[in-house]
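This report refers to the structure that appears directly beneath it.
When reading the values below, keep in mind they use all heavy atoms of this one structure, side chains included, and skip hydrogens, waters and symmetry mates. All chains are named by letter (A, B, ...) in the order of the sequence lines, taking the proteins before the strands, and each is independently numbered beginning at 1.
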Protein chains: 2
Amino acid sequence: MAVADRKAKDKEALKALILKAAKKLFVEKGVDQTTIRSIATAIDYSVGTVYVYFKDKNAILHALHTQGFIHLSGHFKVLYNVSDPMERLKAMGKVYIKFAITNPDMYDLMFSLKAPMEFLDAINQEEWNEGKGTFDVLRTTVKQCMDKGHFKGHQLEPLAFMIWGMVHGMCSLEISKRSCGVNLGKPETIVEEGYGEFLRIMDKL
Amino acid sequence: MAVADRKAKDKEALKALILKAAKKLFVEKGVDQTTIRSIATAIDYSVGTVYVYFKDKNAILHALHTQGFIHLSGHFKVLYNVSDPMERLKAMGKVYIKFAITNPDMYDLMFSLKAPMEFLDAINQEEWNEGKGTFDVLRTTVKQCMDKGHFKGHQLEPLAFMIWGMVHGMCSLEISKRSCGVNLGKPETIVEEGYGEFLRIMDKL
DNA sequence: AAAGAAAATGAACGATGTTCAATTTTCCAA
DNA sequence: TTGGAAAATTGAACATCGTTCATTTTCTTT
């Protein structure tokens with residue numbers, strides 16, 4: 001049955017090829033300006049082939065979405081070396097920001113997927129479970145900080161949500177600004193400065 | 001010249017009528033599922049008429065976008081009565097959150113307008129100036145807090161940006177969650193709880 | 001009432017996402 | 001080697017979208 005195995009690998013390879021081309025075009029031309037035809041042309045396949053490997057355009061978006069979260073969680077792995085939870089928490093924000101600012105188009109994709117989404121799809125649930133997965137890493141770290149005596153008088157869930165919202169909010173505002181051409185070109189972004197303020201605040205908690 | 005005046009008023013009225021119908025359809029069906037034809041049908045006019053009053057679909061989106069910011073800044077006016085800047089800052093966040101959670105679709109429109117945007121339009125600059133306008137209210141208030149001795153050892157610009165990012169981030173995460181059907185139906189939203197944690201932190205600064 | 005101006009129309013165009021019958025390629029048994 | 005079944009690929013065709021513009025209708029003025 002080696003043949004079947006190779007076929008399966010080929011299928012995965014072509015699927016990956018489609019995704020690679022789609023991602024490149026999304027970044028270059030934007031999601032709306034990227035047509036299925038342009039993706040097919042880029043990899044020298046026909047339109048129909050793309051539809052064999054992906055149900056529709058949203059499925060491609062969804063796959064890239066998933067890739068993005070996997071990519072991000074990969075970056076988080078360096079944090080396993082940081083034993084002190086407070087230091088880990090601080091570093092986690094920096095990793096998150098670096099990822100978002102370095103891959104703004106991918107980050108956009110990861111968090112602006114509501115419009116073309118069918119409501120309440122099973123797929124959709126998966127999507128947010130992945131988001132929840134990254135959030136769990138944050139929640140766990142905050143919990144460990146509290147166990148060590150930090151954040152006295154605060155509640156775990158809302159506090160973790162606030163921290164995620166803060167980092168996400170600054171990143172998405174900055175990315176929006178940049179895609180609108182409002183770029184001040186500072187070497188250190190306002191996002192990192194803003195996060196610096198938060199770090200100074202955390203030192204007191 | 002009474003005729004010309006009435007004509008001008010009619011034009012404005014029809015423009016407003018188009019916007020009203022567009023907003024309703026955007027909220028009901030989503031932006032992508034709302035066609036120019038459906039807008040025209042809703043107000044019993046032809047497709048062409050819509051294009052007489054708006055250059056294209058983006059122009060309608062832009063007009064609604066502007067309306068949203070005007071609406072939000074209207075809600076901010078109750079804050080003029082709060083003389084203490086720290087109290088005003090706290091209240092400002094609550095007003096902002098209430099607006100976002102009460103008008104999630106409008107809020108979405110206001111901050112997810114990058115995709116269909118032409119890069120570096122003069123229009124685009126206007127857009128962000130409006131956004132900057134609302135941000136200026138926040139910046140000014142933070143400045144007054146610092147003048148009164150709060151936020152020692154912090155920088156105005158990054159701190160204000162961090163606060164905006166935090167509130168915006170929590171709101172947009174919550175709105176995304178809801179539009180995906182992940183609704184826990186708590187009476188008090190996680191956003192308000194998260195903001196509550198921030199308020200407790202601010203009391204120490 | 002007629003002519004000119006303004007407003008409204010909707011058929012038509014190009015492009016898009018999507019489908020599917022037809023075609024080509026790949027595979028393995030005879 | 002070969003023949004035909006299974007799998008993979010194709011691209012013409014369809015519905016719908018945003019958009020345009022020559023034409024028609026409505027209104028204003030003389």
For residues [X] and [Y], report the shortest heavy-atom separation together with the two atoms involved.
| X | Y | value |
| --- | --- | --- |
| B/Glu197 | A/Pro158 | CG-CB, 3.7 Å |
| A/Met170 | B/Met162 | SD-CA, 3.6 Å |
| B/Val31 | B/Lys57 | O-NZ, 3.2 Å |

Can you classify the ring geometry of B/Trp164 versus B/His168 as parallel (below 30°), tilted (30 to 60°) or perpendicular (above 60°)?
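Taking B/His168 first and then B/Trp164, their aromatic rings sit tilted (interplane angle of 30° to 60°).
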How far apart are the C-alpha atoms of A/Lys90 and A/Asp203, what are their side-chain angles, what is the distance that settles it, and do they pass the salt bridge (charged side-chain N to carboxylate O under 4.0 Å, His left out) test?
CA-CA 10 Å; A/Lys90 290 180 179 180; A/Asp203 283 335; 2.6 Å; yes
Quickly work out the [X] [atom1] to [N] [atom2] distance and round it to whole Å.
| X | N | atom1 | atom2 | answer |
| --- | --- | --- | --- | --- |
| A/Ile43 | D/dT9 | CD1 | C1' | 12 Å |
| A/Lys15 | D/dA8 | NZ | P | 13 Å |
| B/Lys29 | D/dT16 | NZ | C1' | 16 Å |
| A/Ile60 | C/dG17 | CD1 | C1' | 11 Å |
| A/Gln33 | C/dT16 | CD | C1' | 11 Å |
| B/Asp44 | C/dG10 | CG | C1' | 15 Å |
| A/Lys57 | C/dG17 | NZ | P | 4 Å |
| B/Ile18 | C/dA8 | CD1 | P | 9 Å |

Criterion side-chain hydrogen bond (donor to acceptor under 3.5 Å, both in side chains) against B/Asp147, the qualifying member of B/Gln144, B/His150, B/Lys143:
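Testing each of B/Gln144, B/His150, B/Lys143 against B/Asp147, the sole residue satisfying side-chain hydrogen bond (donor to acceptor under 3.5 Å, both in side chains) is B/Lys143.
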Partner of A/Asn103 under side-chain contact (heavy atoms from CB on, under 4.5 Å), chosen from A/His71, A/Met110, A/Lys98:
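Among the candidates, only A/His71 passes.
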Here's a test for you: under ring pair (Phe, Tyr, Trp, His ring centres under 6.0 Å), which of A/Tyr96, A/Tyr107, A/Phe99, A/Tyr80 qualifies with A/His75?
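Filter result, single survivor: A/Phe99.
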In the 5'-to-3' direction, what one-character label does each nucleotide of nucleotides 19-25 of chain C receive under the scheme B = base within less than 4.0 Å of a protein heavy atom, S = sugar-phosphate only, - = no such atom?
B------
A/Tyr53 side-chain N/O to D/dT9 phosphate OP1/OP2 under 4.0 Å:
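Yes, because at least one side-chain N or O of A/Tyr53 sits under 4.0 Å from OP1 or OP2 of D/dT9.
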Near DNA chain D, which residues from residues 34-42 of chain A have a heavy atom under 4.0 Å away?
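Hits under 4.0 Å, by residue number: A/Arg37.
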In plain terms, say whether A/Arg139 and A/Asp136 are close enough for a salt bridge, that is, a side-chain N and a carboxylate O under 4.0 Å apart.
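Between A/Asp136 and A/Arg139 there is a salt bridge, with a charged N closer than 4.0 Å to a carboxylate O.
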